[in-house]
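Working notes, structure below.
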Amino acid sequence: MPALVMEGVRKVYRSGSEEVVALDHADLVVGDDEMVTLLGPSGSGKTTLLSIAGGLLTPTEGRVVVGDQVVSDLDPRQLTAFRQRQVGFVFQSVNLVPFLTARENLTVVGELAGRPRRETGEQADRLLEELGLSHRAGNLATELSGGERQRVAIGRALMNDPKLVLVDEPTSALDTKMGEAVMELLRNEITGRGIAAVVVTHDTRMTHYTDRTVEIVDGRLQA
Amino acid sequence: MSLAWRELVRRPGRFAVAGSALTLLVVLLLLLGGLLDGLYLGSTGAIRAQRADVFVYSATARDSIVRSRIEPDLRARIEEVDGVASTGGLGVALLGATVEGDDDVLDVAVTGYELAPEGVPEPPAPGTAYADDRLRADGVRAGDVLEVGPARVPVEVVDFVSDTSYLQQGALWVEPDTWRAIQSESRPDAAVADGVFQVVLVVAEDGVEAGELADRIDEATGGATSSLTRDEAVLSLPGIRQQNSVFTALIGVTLFVAGLVAALFFALVTLERTALYATLKALGAPSGRLALGVVFQSVVVALGAVVLGGAVTFALEQVIPDAVPVQVEPSRVVTSSVLVLVTAAVGALVSLRRIVRIDPATAIS
């Protein structure tokens, strides 16, 4: 079963009497262990696509399915529950909770989903070890380096055992070397878990880390 | 809630401004309440202590004890009213007094009585009195002879009673003839004849409602009397009603300001946390949960302010001069604390709308 299916997805914003088409009849299928780069310039609609796939935005038209869940049919409350359990996000600006430790930034995902504390804690410890951050588990987010914060953000995205991880511009704030390290880490963490990932970027140097690349221009996906 | 708690514990400085402002408001609130209670209790003790259900004044006195006079024949008509179990006369003379051999003038309320109030024994022997604790605080001791009024009528203090002061003056509880003698010698223009009292106190028969009996008495006396229940009699004392209104208004305004402080502070904090809340919402945090966290933080900050403000008020109460009638009652502390906590919670709820409107999609854009 594909991790993500988007069929004829359209997103239109209204600005007064004008209509702005951010996403125009997008069709996309991402396999259950596939990593896809969504490449496009600023304003091309890649963030809109990512937001719709993650249940942060609802499409104006079209159908979105993540795993066996038809996301485009969900109301806001159901979308909240969907985000708790079925998708993981890695945000462009990382967005860790500054007054939580590295470990707590992971366990907070389990807390929001109402999972048992012990189970959540064990999973967080496991992920931190995999990410090479066990020794930083008790440090506040503000005490971590940029690279460490990015790794914690990746761990956080995996905490709810998602079917789909959505990664927004993971290398935009990093130099080339650090960006490559983060992409390498992303690929290592995601591949083999049965998790799909969509990585949004405008950096063509990072596309070879994923299984395939889909370009988006003016809201339209290019074949 | 754990997120909110962790932020409170790890970033206490962030909440210091709101906490300090609320602490000062709690101190103000408790001092205002303490003043209200001190004034109220110090003015009404002699009336609150009465066991009677109905206070009967002469109609022309406009519910003032010192202006009222009830003649024996009028009292007899009151006693005949259906539902009256017993009656007792009461009279008060507000005068100055000095301890024999001392020049300091003390304010006293010489109170002649027939029915023993709560905490006061049966009337003492002529020329003696039970004195209110307020006089003990002024240095009067059992066995002292007070020279009362301009005529310097001697009254020996035989014992002390508590919480029976009248209009901020310590009561001297005496038998009726001693009161009449003092009143007549000190205020010849307002002399009281034998058998006359200022007010007649009425104890109702079991099952008779006080308000109903008061109406019945006024009807039976053909409008010659004005009868009040005990609570009404307390409120009819000079200035009590106005004093209660003023202080209640001040307390209300202070509470409103406390709510405003909480509302403004947490509205600003919420504004500052927009990006954080967008991220948490993107991760699946419902708006209600985030809003509850804000309310929780507001209540905890208010609780800290209540504890700190209570301690500061207690310390201030120790150094405030006796002349200032501040009396912070435990019930006042509990009520004020609960009100501050509720106000802080309601104030923080103002942020709910803003939290609901935070779009989780902004976390990714």
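Chain A is the first sequence line, chain B the second, and so forth, proteins listed ahead of strands; every chain is numbered from 1.
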Quiz prompt | Part of B:L283 lying under 4.5 Å from any heavy atom of chain A | solution = both
Self-check item: Residue A:L140 versus chain B: region with a heavy atom under 4.5 Å
Solution: side chain
Quiz prompt | Check ion pair B:R10-A:E143 (N to O, under 4.0 angstrom) | solution = no
Quiz item: Looking at A:F91 and B:A282, what are the two nearest heavy atoms and their distance?
Solution: CZ-CB, 3.7 Å
Quiz item: Would the number of heavy atoms belonging to other residues, nucleotides or ligands and lying under 6.0 Å from CZ of B:R332 be above 12?
Solution: yes
Quiz item: Just how far is it from atom CG of A:L56 to atom CD1 of B:I364, taken to the nearest 0.5 Å?
Solution: 5.5 Å
Self-check item: Gap between atom CZ of A:R83 and atom CG of B:L280 - 0.5 Å precision
Solution: 11.0 Å
Quiz item: Near A:E18 CD, under 6.0 Å, is it more than 12 heavy atoms from other residues, nucleotides or ligands?
Solution: no
Self-check item: Which atoms of A:T101 approach chain B - backbone, side chain, both or neither, heavy atom under 4.5 Å
Solution: both
Quiz item: Which distance, rounded to the nearest 0.5 Å, do you find between the CG of A:L100 and the CG of B:L3?
Solution: 5.5 Å
Exercise. Please determine, among A:R77, A:R156, A:R85, A:E169, the option with the most heavy-atom pairs under 4.5 Å with chain B.
Key: A:R156
Quiz item: Are there more than 12 heavy atoms of other residues, nucleotides or ligands under 6.0 Å from atom CG of A:D27?
Solution: yes
Exercise. With a 4.5 angstrom heavy-atom cut-off, could you sort out which part of A:V108 is near chain B: side chain, backbone, both or neither?
Key: side chain
Self-check item: Minimum side-chain heavy-atom gap B:E7-A:V97 below 4.5 Å
Solution: no
Exercise. For atom CZ of B:R11, decide whether the heavy atoms of other residues, nucleotides or ligands shown that lie under 6.0 angstrom number more than 12.
Key: yes
Quiz prompt | Greater than 12 external heavy atoms within 6.0 Å of A:D75's CG | solution = yes
Quiz item: If every non-hydrogen atom of A:L112 is compared with every non-hydrogen atom of B:A285, which pair is closest and at what distance?
Solution: CD2-CB, 3.6 Å
Exercise. Specify the closest pair of heavy atoms between B:G284 and A:T80, including all atoms of both residues, with the distance to one decimal.
Key: O-CG2, 3.3 Å
